[in-house]
Amino acid sequence: MKKFFCILFVGCFVSGCAATATVISSGGLVNPSENKTKQFYDFQNDFEIVWQSVVKTCSEIDASIKIIDKASGIITAEKQLIASEDLRDTFYTGSIKLNYDIKKPSRYMARASEVYVAQTGKVVETREKNLDLLTEFTRNNIGVIFSYNIFAEKLDSNITRVNINIFAYPTAKSIRYSTSQSDAFYGHTSQSVDVDISSARFYSKGVFEKNFLSSVSKNLKIAEGTEK
């Protein structure tokens, strides 16, 4: 009788419904090629009035000033928002590369349950999948921070140059991806990997820089009384 149940158990084990299992093995961040879109404009105005207009523009875009040093002409400001598909028009974004191991039963097992293969099977193939970074940020409701890096310098008594560069980075440190297998007899198993996104960068296409400089120009005209 014991021999009968042993044979029955092995028969059920061998005849599992899955011959392969897919397991996520690793993941990594792929940033876009850095495109340093620094823009500048030479204003025909004194440094003092240009500086005041730059500071006012930062307040109007609701950016939080982190560093402000009038003597060196440096301002660093930040603004946070939730990632959305709208950013695709204004930033170069990257991707996340995931590696999946395709496993098959090892040892004497010709077939086995998907759960068992995922846990003990041998890797026969590794596949790569690339996920769009902005899409993943949007799907996971991840926030991004705009970093405004501004430098104003006096070139002449009435000429002030304003340089600006903007990029965006995420508020989250990682994103988790997982694969899972279920079996009525052997239960459920899941394999997960955390992808470090702390160094992710969205590089500006120049739209925000252009708009910022345009706002500075408008505020200058208001300060001079030539525009209301």
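Values reported hereafter were calculated over all heavy atoms of this structure, with side chains retained and with hydrogens, waters and symmetry mates removed.
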Chemist: What is the distance from atom CG of Leu155 to atom CZ of Phe47, rounded to the nearest 0.5 Å?
Modeler: 10.5 Å
Chemist: Does a donor on one side chain and an acceptor on the other come within less than 3.5 Å for Asp101 and Thr126?
Modeler: yes
Chemist: Contact between Ile102 and Arg127 at the side-chain level, heavy atoms closer than 4.5 Å - yes or no?
Modeler: yes
Chemist: Any side-chain heavy atom of Asp196 sitting closer than 4.5 Å to one from Leu29?
Modeler: no
Chemist: Hydrophobic cluster membership, with links at side-chain heavy-atom distances under 4.5 Å among I/L/V/M/F/W/Y: are Ile145 and Leu81 in one?
Modeler: no
Chemist: List the atom of Ile150, the atom of Cys58, and the distance in Å for their closest heavy-atom pair.
Modeler: CD1-SG, 3.7 Å
Chemist: I'd like to check Thr160 versus Glu153 (side-chain heavy atoms, cut-off strictly below 4.5 Å). Are they in contact?
Modeler: no
Chemist: Take Lys221 and Glu224 through the salt bridge (charged side-chain N to carboxylate O under 4.0 Å, His left out) test and state the conclusion after the steps.
Modeler: CA-CA 5 Å; Lys221 291 177 181 179; Glu224 292 173 331; over 6 Å; no
Chemist: Nearest 0.5 Å, what's the CG-OG distance between Leu98 and Ser25?
Modeler: 9.0 Å
Chemist: Which heavy atom of Val144 sits nearest a heavy atom of Ala83, and at what distance?
Modeler: CG1-CB, 4.1 Å
Chemist: If you look at every heavy atom in Ala21 and Ala118, which pair is closest and at what distance?
Modeler: CB-N, 3.7 Å
Chemist: Would you mind listing every salt bridge (charged side-chain N to carboxylate O under 4.0 Å, His left out) that reaches into residues 41-54, with sequence neighbours excluded?
Modeler: Asp42-Arg161, Glu48-Lys70
Chemist: Between Phe137 and Ile197, is there a side-chain heavy-atom distance shorter than 4.5 Å?
Modeler: yes
Chemist: So, the side chain of Asn31 versus the backbone of Gly94: is there a donor-acceptor pair under 3.5 Å, distance only?
Modeler: no
Chemist: Using a distance-only test with no angle check, is there a side-chain donor-acceptor pair under 3.5 angstrom linking Asp132 and Ser95?
Modeler: no
Chemist: What's the separation between atom NZ in Lys218 and atom CG in Asn211, rounded to the nearest 0.5 Å?
Modeler: 12.0 Å
Chemist: Show your reasoning for whether side-chain contact (heavy atoms from CB on, under 4.5 Å) applies to Phe212 and Thr57.
Modeler: CA-CA 7 Å; Phe212 186 91; Thr57 300; 3.5 Å; yes
Chemist: Using side-chain contact (heavy atoms from CB on, under 4.5 Å), reason through Ile68 and Val55 one step at a time and then give a plain yes or no.
Modeler: CA-CA 9 Å; Ile68 181 167; Val55 174; 3.9 Å; yes
Chemist: With distance as the sole test, does Ser59 use its side chain to make a donor-acceptor pair with the main-chain N or O of Lys56 at under 3.5 Å?
Modeler: yes
Chemist: Might you point out which heavy atoms bring Trp51 and Ala152 nearest each other, and give the distance in Å?
Modeler: CE3-CB, 4.2 Å
Chemist: For residues Thr135 and Glu85, determine if any side-chain heavy atom of one lies less than 4.5 Å from a side-chain heavy atom of the other.
Modeler: yes
Chemist: Do Phe151 and Val162 have side chains that approach each other closer than 4.5 Å (heavy atoms only, starting at C-beta)?
Modeler: no
Chemist: State whether the side chain of Ser214 and the backbone N or O of Lys210 hold a donor-acceptor pair below 3.5 Å, judged by distance alone.
Modeler: no
Chemist: If only side-chain N and O atoms count, and only distance matters, is there a donor-acceptor pair under 3.5 Å linking Thr171 with Gln80?
Modeler: no
Chemist: Name the orientation class of the two ring planes belonging to Tyr169 and Phe167 (parallel below 30°, tilted from 30 to 60°, perpendicular beyond 60°).
Modeler: tilted
Chemist: Tell me, do Val23 and Lys103 make a side-chain contact under 4.5 Å, heavy atoms counted?
Modeler: yes
Chemist: Can you list the steps and then say if Val50 with Leu220 is a side-chain contact (heavy atoms from CB on, under 4.5 Å)?
Modeler: CA-CA 7 Å; Val50 173; Leu220 271 171; 4.0 Å; yes
Chemist: Taking the side chain as C-beta and beyond, is there a heavy-atom pair between Leu213 and Ile164 under 4.5 Å?
Modeler: yes
Chemist: Per the side-chain contact (heavy atoms from CB on, under 4.5 Å) rule, which among Lys79, Gln39, Glu209 passes with Ile166?
Modeler: Glu209
Chemist: With hydrophobic residues grouped by side-chain heavy-atom distances under 4.5 Å, do Leu134 and Val30 end up in a single group?
Modeler: no
Chemist: Tell me whether the centres of the aromatic rings in Tyr177 and Tyr100 are closer together than 6.0 Å.
Modeler: no
Chemist: Ile175 and side-chain contact (heavy atoms from CB on, under 4.5 Å): which single residue from Leu131, Ile142, Asp194 fits?
Modeler: Ile142
Chemist: Rounded at 0.5 Å granularity, tell me how far CG in Asn149 sits from CD1 in Ile75.
Modeler: 11.0 Å
Chemist: Test ring-ring contact (aromatic ring centres under 6.0 Å, His included) on Phe208 and Phe146 and set out the steps.
Modeler: CA-CA 10 Å; Phe208 284 104; Phe146 287 11; 5.0 Å; yes
Chemist: Is Lys205 positioned over the aromatic face of Phe91, cation under 6.0 angstrom from the ring centre and no more than 45 degrees off axis?
Modeler: no
Chemist: Which heavy atom in Thr76 sits nearest to a heavy atom in Ser147, and how many Å separate them?
Modeler: CG2-OG, 4.5 Å
Chemist: Once you round to the nearest 0.5 Å, how far does CG of Asp62 lie from CD of Glu78?
Modeler: 13.0 Å
Chemist: Identify the two heavy atoms, one from Pro170 and one from Ala200, that lie closest to each other, and give their separation to 0.1 Å.
Modeler: CD-O, 3.3 Å
Chemist: Do Tyr148 and Leu87 share a hydrophobic cluster (ILVMFWY, side-chain heavy atoms under 4.5 Å, transitive)?
Modeler: yes
Chemist: Distance from Arg88 atom CZ to Phe202 atom CZ, nearest 0.5 Å?
Modeler: 8.5 Å
Chemist: With no hydrogens and no angle check, do the side chains of Gln52 and Asn219 hold a donor and an acceptor under 3.5 Å apart?
Modeler: no
